[in-house]
Amino acid sequence: MDGIGLGENNPETNPFARAKMPNLNKLLDGRSLLKDAAPFHGARASLLAVDPAVGVSGLPQSATGQAILLTGINIPAELGYHYGPKPNPQVAAYLKEATLFSRFVKEHKKAALLNAYPPRYFDGIDSGKRLYSSIPQAVVNAGLPLFKHDDLFSGRGLSADFTGEGWRSMLGFAEAPVTDAHHAGWKLGTLAKEYDFSLFEYWASDYAGHKQQMENAIHLMETFDGVLGGLVENWDDDRLILITSDHGNMEDLSTRRHTDAHVPALVIGNKSAREEFTRGMKDLTDIVPAIWKTVMKE
């Protein structure tokens, strides 16, 4: 989830203090996704606050934050700066053999990015008018396909807004499949089970943060909560779900800028597996080693 930090319990500026999220609240024994909720370890979920700044001055940014989440390397420390939104050549150099996608492919593990992209996305890439962000760049570099509109229509990929409504209302695909949030979450779980490692990127949260759109942010998070409900309902707790972010933003709508807030590491699944996964986890660089260790044990 792009641009999600753990913020203060302030309904004037933080949509997480206002959004109705019963599925999340249930996982966290009544808590919300707020700064004072972490750390938490419950029957089915754990929540930690992890540092996206990784010891480097300045506000965390998307390109380097996502690159850390893909490699486990403290790229801002090596470069001396945070960078975004799209990777520059220095950041892009890390998005080759060192990413989880490339490493899992080398180990003959099944990996995928579950987002389906519309034709105009690829037109922009091919024309040079659009750059890959860090996550699809890593997928392409690993030799894996990005899912297209055919994958959305056949059920192999998911719309970036979960429900598919945006493909009709914004992209003009009148016949695009549309579903409710709960079923989208169920579908996400079904697709994820086909892979050893899968990732879904949700960027709308960061957009709402930059636009300071409180009502839209609340709507997005309530939709996400419905997705979470369907996903958890269709999940085998022997495997883990991780929900995290590259930097803070939407949790403080008093500013258009990113924030220095810690971001959530919400882990859902078997208690002992969660304990091992989160042990010693303090910042974004700790996430990739935890994912690698977990998948390679399977």
Side-chain angles (χ1 to χ4, degrees), residues 1-2 4-7 16 23-56 60 64-78 94 98-104 106-107 109-111 134-135 138 189 192-193 195-201 228 231-232 235-248 251 260-298:
M1 296 182 70
D2 198 332
I4 295 292
L6 292 171
F16 286 103
N23 294 300
L24 177 69
N25 298 153
K26 183 177 179 181
L27 287 170
L28 299 179
D29 289 355
R31 297 165 177 80
S32 297
L33 208 60
L34 299 168
K35 182 178 179 179
D36 59 9
F40 167 82
H41 297 281
R44 201 175 183 190
S46 298
L47 175 65
L48 297 182
V50 296
D51 181 11
V54 292
V56 177
T64 43
Q66 292 168 19
I68 297 170
L69 287 169
L70 291 161
T71 65
I73 300 169
N74 192 336
I75 295 167
E78 295 197 3
Y94 290 90
T99 72
L100 283 172
F101 287 107
S102 290
R103 292 169 66 191
F104 284 137
K106 186 176 180 180
E107 295 293 332
K109 296 289 187 178
K110 290 186 66 178
S134 290
I135 293 172
K193 292 174 186 177
Y195 302 95
D196 299 297
F197 169 75
S198 64
L199 189 150
F200 183 85
E201 180 184 10
L228 181 62
L231 174 59
V232 170
W235 198 251
D236 178 353
D237 276 358
D238 287 340
R239 302 183 72 183
L240 294 177
I241 299 167
L242 168 67
I243 298 167
T244 191
S245 189
D246 48 358
H247 55 76
E251 81 289 348
D260 59 3
H262 281 38
V263 299
L266 175 62
V267 187
I268 303 165
N270 176 273
K271 187 175 182 180
S272 61
R274 281 188 280 119
E275 290 174 349
E276 182 174 354
F277 187 90
T278 59
R279 187 173 294 120
M281 187 172 286
K282 296 180 179 179
D283 65 38
L284 289 190
T285 65
D286 297 317
I287 289 178
V288 163
I291 293 173
W292 179 260
K293 183 177 180 180
T294 300
V295 172
M296 294 306 294
K297 286 177 64 176
E298 295 178 356

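Remark: the backbone N or O of Thr71 is not paired with any side-chain donor or acceptor of Thr99 at under 3.5 angstrom. Thr278 places no side-chain N or O within donor-acceptor distance of the main-chain N or O of Met281, the cut-off being under 3.5 Å. Between the side chain of Ser102 and the backbone N or O of Ala98, no donor-acceptor pair lies under 3.5 Å.
Residues passing the side chain to side chain donor-acceptor pair (under 3.5 Å) test with Lys110, sequence neighbours excluded: none. With sequence neighbours excluded, no residue forms a salt bridge (Lys or Arg N to Asp or Glu O under 4.0 Å) with Arg103. Leu266 is linked by a side chain to side chain contact (heavy atoms under 4.5 Å, CB included) to Leu24, Leu28, Ala45, Leu47, Ile243, Ile268, counting only residues two or more places apart in sequence or in another chain. Qualifying ring pair (Phe, Tyr, Trp, His ring centres under 6.0 Å) partners for Phe16, counting only residues two or more places apart in sequence or in other chains: none. Residues passing the side chain to side chain donor-acceptor pair (under 3.5 Å) test with Thr285, sequence neighbours excluded: Asp283. Every residue two or more places apart in sequence or in another chain that forms a side chain to side chain contact (heavy atoms under 4.5 Å, CB included) with Asn270 is listed here: Ser272, Ala273. With sequence neighbours excluded, the residues satisfying side chain to side chain contact (heavy atoms under 4.5 Å, CB included) with Thr64 are Gln61, Ile75, Pro76, His82, Tyr83, Val91. Taking the side chain to side chain donor-acceptor pair (under 3.5 Å) definition, one finds that Asp51 meets it with nothing, sequence neighbours left out.
Contact of the Leu284 side chain with the Ile287 side chain is registered, since non-hydrogen atoms from C-beta on lie closer than 4.5 Å. Proximity of Asp286 to Val50: side-chain heavy atoms (C-beta onward) are nowhere separated by under 4.5 Å. Between Asp246 and Val263 there is no side-chain heavy-atom pair separated by less than 4.5 Å.
How far NE2 of His262 is from NZ of Lys282: 10.5 Å, rounded to the nearest 0.5 Å. To the nearest 0.5 Å, atoms CD1 (Ile241) and CG (Asp236) are separated by 10.0 Å. Once rounded to the nearest 0.5 Å, the distance linking CH2 of Trp235 with NZ of Lys193 reads 7.0 Å. From Ser198, atom OG reaches atom CZ of Arg239 across 7.0 Å, with rounding to the nearest 0.5 Å. The CG atom of Leu100 lies 12.0 Å from the CG atom of Asp196; values are rounded to the nearest 0.5 Å.
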Identify each donor-acceptor pair in which a side-chain atom of residues 35-42 lies under 3.5 Å from a protein atom, sequence neighbours left out, and give them as a table.
| from | atom 1 | to | atom 2 | distance (Å) |
| --- | --- | --- | --- | --- |
| Lys35 | NZ | Glu8 | OE2 | 3.4 |
| His41 | ND1 | Ser46 | OG | 3.0 |

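Between Val295 and Lys109, the shortest heavy-atom distance links the atoms O-NZ, 3.8 Å. Here the shortest heavy-atom pairing between Ala261 and Leu6 reads CB-O, 3.9 Å.
Within the structure, ring pair (Phe, Tyr, Trp, His ring centres under 6.0 Å) contacts touching residues 271-293 (residues at least two apart or in different chains) are Phe104-Trp292. Within the structure, every pair that satisfies the salt bridge (charged side-chain N to carboxylate O under 4.0 Å, His left out) test and touches residues 261-279, not counting sequence neighbours, is listed here: Glu276-Lys293, Glu276-Lys297. Every pair passing salt bridge (charged side-chain N to carboxylate O under 4.0 Å, His left out) that includes a residue from residues 37-46 is listed here, sequence neighbours excluded: Arg44-Asp237.
With 3.5 Å as the limit, one finds a donor-acceptor pair spanning the side chains of His247 and Asp2.
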Could you go through Phe101 and Leu199, starting from their C-alpha distance and side-chain angles, then the distance that decides it, and tell me whether this counts as side-chain contact (heavy atoms from CB on, under 4.5 Å)? CA-CA 10 Å; Phe101 287 107; Leu199 189 150; 4.2 Å; yes
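Results of the side-chain contact (heavy atoms from CB on, under 4.5 Å) test with Leu69 over Ile291, Val288, Thr244 single out Thr244 as the only residue that passes.
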